[in-house]
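Input: a single structure, listed below in structure tokens.
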Protein chains: 4
Amino acid sequence: MSPKAVDKKTKRQMIMRAALEVFAEQGTEATKMIDIARRAGVGKGTLYEYFPSKEELIAGSMLMMMDELDARMVERLYPLVDPLDKIRAFIEETFSFFVEKEDRVKILADFYAAGIPRPDSKPLIADIDKRYVELMEWLAVIIDEGVERKSFRPVDSKQTASILLATIDGLLFQAMLGLMPPDREKVLENVISLFLDGIKA
Amino acid sequence: MSPKAVDKKTKRQMIMRAALEVFAEQGTEATKMIDIARRAGVGKGTLYEYFPSKEELIAGSMLMMMDELDARMVERLYPLVDPLDKIRAFIEETFSFFVEKEDRVKILADFYAAGIPRPDSKPLIADIDKRYVELMEWLAVIIDEGVERKSFRPVDSKQTASILLATIDGLLFQAMLGLMPPDREKVLENVISLFLDGIKA
Amino acid sequence: MSPKAVDKKTKRQMIMRAALEVFAEQGTEATKMIDIARRAGVGKGTLYEYFPSKEELIAGSMLMMMDELDARMVERLYPLVDPLDKIRAFIEETFSFFVEKEDRVKILADFYAAGIPRPDSKPLIADIDKRYVELMEWLAVIIDEGVERKSFRPVDSKQTASILLATIDGLLFQAMLGLMPPDREKVLENVISLFLDGIKA
Amino acid sequence: MSPKAVDKKTKRQMIMRAALEVFAEQGTEATKMIDIARRAGVGKGTLYEYFPSKEELIAGSMLMMMDELDARMVERLYPLVDPLDKIRAFIEETFSFFVEKEDRVKILADFYAAGIPRPDSKPLIADIDKRYVELMEWLAVIIDEGVERKSFRPVDSKQTASILLATIDGLLFQAMLGLMPPDREKVLENVISLFLDGIKA
DNA sequence: AATGAATGAGCATTCATTCAT
DNA sequence: CATGAATGAATGCTCATTCAT
């Protein structure tokens, strides 16, 4: 990797980071290229040196965000052994990720919208569903471990993973709407407890 | 209510229904007023006789959809007594609603996006969060009933409702991305079972 | 043809006429859509009600011009019998057409450029070459008549037509550059005389 | 002239030659500076070391082409004595020049367009009309010689030159549109014969 | 009331030109 | 000298909205 290449890559990332900020504040649609350029501190034309179109810039930014979350997740879960700890950490980490950076959660609606398959045009982000499935399979492995260790009931691990992921997504959407209660700690505990013990008396 | 007034209201609804179809297919942003007009079989100008702007037409359509879901939910749950039956019916009904009509689920991303509070502009749909909260409180009441009847553990009913709603939303989002497994019946059973019994061995 | 249709067609022509004026003054490339709109006394968007793109507006205008010349030519030559008269009238009419309307001749370069076949993109005006060939064949018929009547030497009528047309075009290009002598009458006479008698002593 | 200076001049010409190639393929307007730079094998900035603007590069290239044609013409006609031979050679040489180099003829439309006087902006190539006039006068001298030697009728030599030049230009334009018949030899013969003997029986 | 032709504000994108290296 | 990354002025085109009929 020549120093040039690093610079180019770094600048690309800087632009995507600026874009994500503005996307979060205004939504991808309402965001104009000039807004991103100004936020990134570059000229409008410069954006097109790094991305062929607004669409690609959106897709790139979103994928970068996914990669960052993935990386953090791997790093966080790597040292853990107990499946229960892993799941707890998974939920915690996801929440932290989307809340720590101002408004990052507000990207989520655009993010999902970008993955919707439409009849006459490919989805904005091609493999968002594959990424999602990978995540689910990763969780499923953890759940399988738990089942093997007799920590969990013998559940359908894939569907259980799907449901857990759904719950996390759903809660993030509530946060997006401003509905999350201030004590996230307690919410987390309740999710864990509900997920583990159910609601039945 | 004069017959004229009824006609007006009916036509308004017809337009909103046409709009929802197109929104589902293309997303609200990509949908042009002319698309809606054509689908509704009216002229472009006519839309503006019934809605002052595209924004209001979007908001109106979404609220109509919410009202329809509400009405169906009330009708479906009204005869039920057992809190468990009510919750099961709630989940079932929500899924049916979003799946029975071709692609209705694809409106969801736009729907949530419409409710995001933005710094410099009010959310497209003003009270989406209140509606959401009402729904949650409704569910909370059901859960409270269950707790009272000792069917459920003594949980924080509001948070539990929030979590259940989140799970349902999340699963619908997965469906939106085309990830739902074909056997919704089984998914439903798993959700219910997980929600009731948790995962713990 | 309903009155609406007439209006639509008429307005389309009005726009093309305005466009031709501006094209002549500035060249097609330097002409902005807003220039044409202003000249036509309509809004910018209106142009797009009648033409899907600038390219199509250019092509349409040029074709209209060709049609006008064709129509005039037919009308002018129709009453004539003597091939020599026809050829003289053909040359006269072409010159008048391009000179009578201020600067119409200045469209010619763009006009021909529009017909150039390019490797990776179809020519702007698809059948300009066919139109040109038709014109040549038309002239060839006249020349054949002249040969038959023994007014002309037995020449290759197609090539002779090609050459005559070339001469006319070439003179128009000179006019375009501002090189035409003021006494067009005399030029015409010289062309006719040269074409008929050659230069040889 | 220092060796450096020669290099500079040589490089300038190399750039102009590259430019002409691209102009022929795409037209001057569609040609981007980067296209020329790549074809010339230099950086985009380098072009501006040799030409202050795209406009000047176009003008320079066109003038270079004219100079090349002039030089060839002088060399070709210099040994000839008979005015008829000169004229034949003139026509032949012009045709060869524009056909031998792939697509050179396709520059012609842009070339003429560049010479059109526009109301609010000087023509791209300032003296193209003067060059054209010089060429005509040169031809006129040849014709005068022919008249003097009684080879030609006593014609208006300037107008005759204009007409001959027009014919050549017009035929080149036909070639530009792809209309030239494959047997250029025969076309040439016909032009000569028509020009000399006319068409009259 | 219903319509759709007309409109122009607004935006993504292009590309000639500059200038730091 | 040579370069190409950076720039922003310039423009084709879209589409929500208006309003005369």
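In this text the structure is predicted, and so the values were computed from the model without any measurement. The basis for the numbers below is simple: all heavy atoms, side chains too, and nothing from hydrogens, waters or symmetry mates. In the text below, chain A, chain B and the rest are named by the order of the sequence lines, each starting its count at 1.
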Would you please test C:D103 and C:K106 for salt bridge (charged side-chain N to carboxylate O under 4.0 Å, His left out) and show each step?
-> CA-CA 5 Å; C:D103 285 335; C:K106 289 190 178 167; 3.6 Å; yes
d(CG, C:L57; P, F:dT11) in whole Å | 16 Å
Which distance, rounded to the nearest 0.5 Å, do you find between the CG of A:D110 and the CD of A:Q26?
-> 11.0 Å
Mind calculating the distance between CG (A:L47) and C1' (F:dA5) to the nearest angstrom?
-> 13 Å
Not counting sequence neighbours, which residues clear side chain to side chain donor-acceptor pair (under 3.5 Å) with B:R17? List them please.
-> B:E68
Taking the six-membered ring of D:Y50, is NZ or CZ of D:K11 closer than 6.0 Å to its centre and within 45° of its axis?
-> no
Mark up nucleotides 15-21 of chain F, 5' to 3', with B wherever a protein heavy atom is under 4.0 angstrom from a base atom, S wherever such an atom reaches only the sugar-phosphate, and - elsewhere.
-> SSBB---
Over 12 foreign heavy atoms within 6.0 Å of CD, A:E55 = no
Integer-rounded Å distance: F:dA2 P and D:R12 CZ | 14 Å
For the residue pair B:E25 and B:D35, establish whether any side-chain heavy-atom pair is separated by less than 4.5 Å.
-> no
For C:Y50 and E:dA5, what is the distance between atoms OH and C1' respectively, to the nearest whole Å?
-> 7 Å
Stem ranges of DNA chain F by first residue number, counting only runs of at least 3 Watson-Crick or G-U pairs under 3.5 Å, come to E:2-21 with F:2-21
Calculate the interatomic distance between C:R38 atom CZ and E:dG8 atom C1'; express it in whole Å.
-> 11 Å
The residue, D:G43 or A:V42, whose nearest nucleotide of DNA chain F is more 5′ is D:G43
Might you point out which heavy atoms bring C:Y48 and C:S53 nearest each other, and give the distance in Å?
-> CE2-CA, 4.1 Å
Which pair of non-hydrogen atoms, one from D:L177 and one from C:D129, has the smallest distance, and what is that distance?
-> O-CB, 4.2 Å
Quick one: D:I58 CD1 to E:dC15 C1', roughly how many Å, whole number?
-> 13 Å
To the nearest Å, give me how far apart CD1 (C:I15) and C1' (E:dA6) are.
-> 11 Å
C:E56 CD to F:dG12 P: how many Å, rounded?
-> 15 Å
I would like to know whether C:M62 and C:I128 meet side-chain contact (heavy atoms from CB on, under 4.5 Å); could you show each step before the answer?
-> CA-CA 9 Å; C:M62 302 253 175; C:I128 214 175; over 6 Å; no
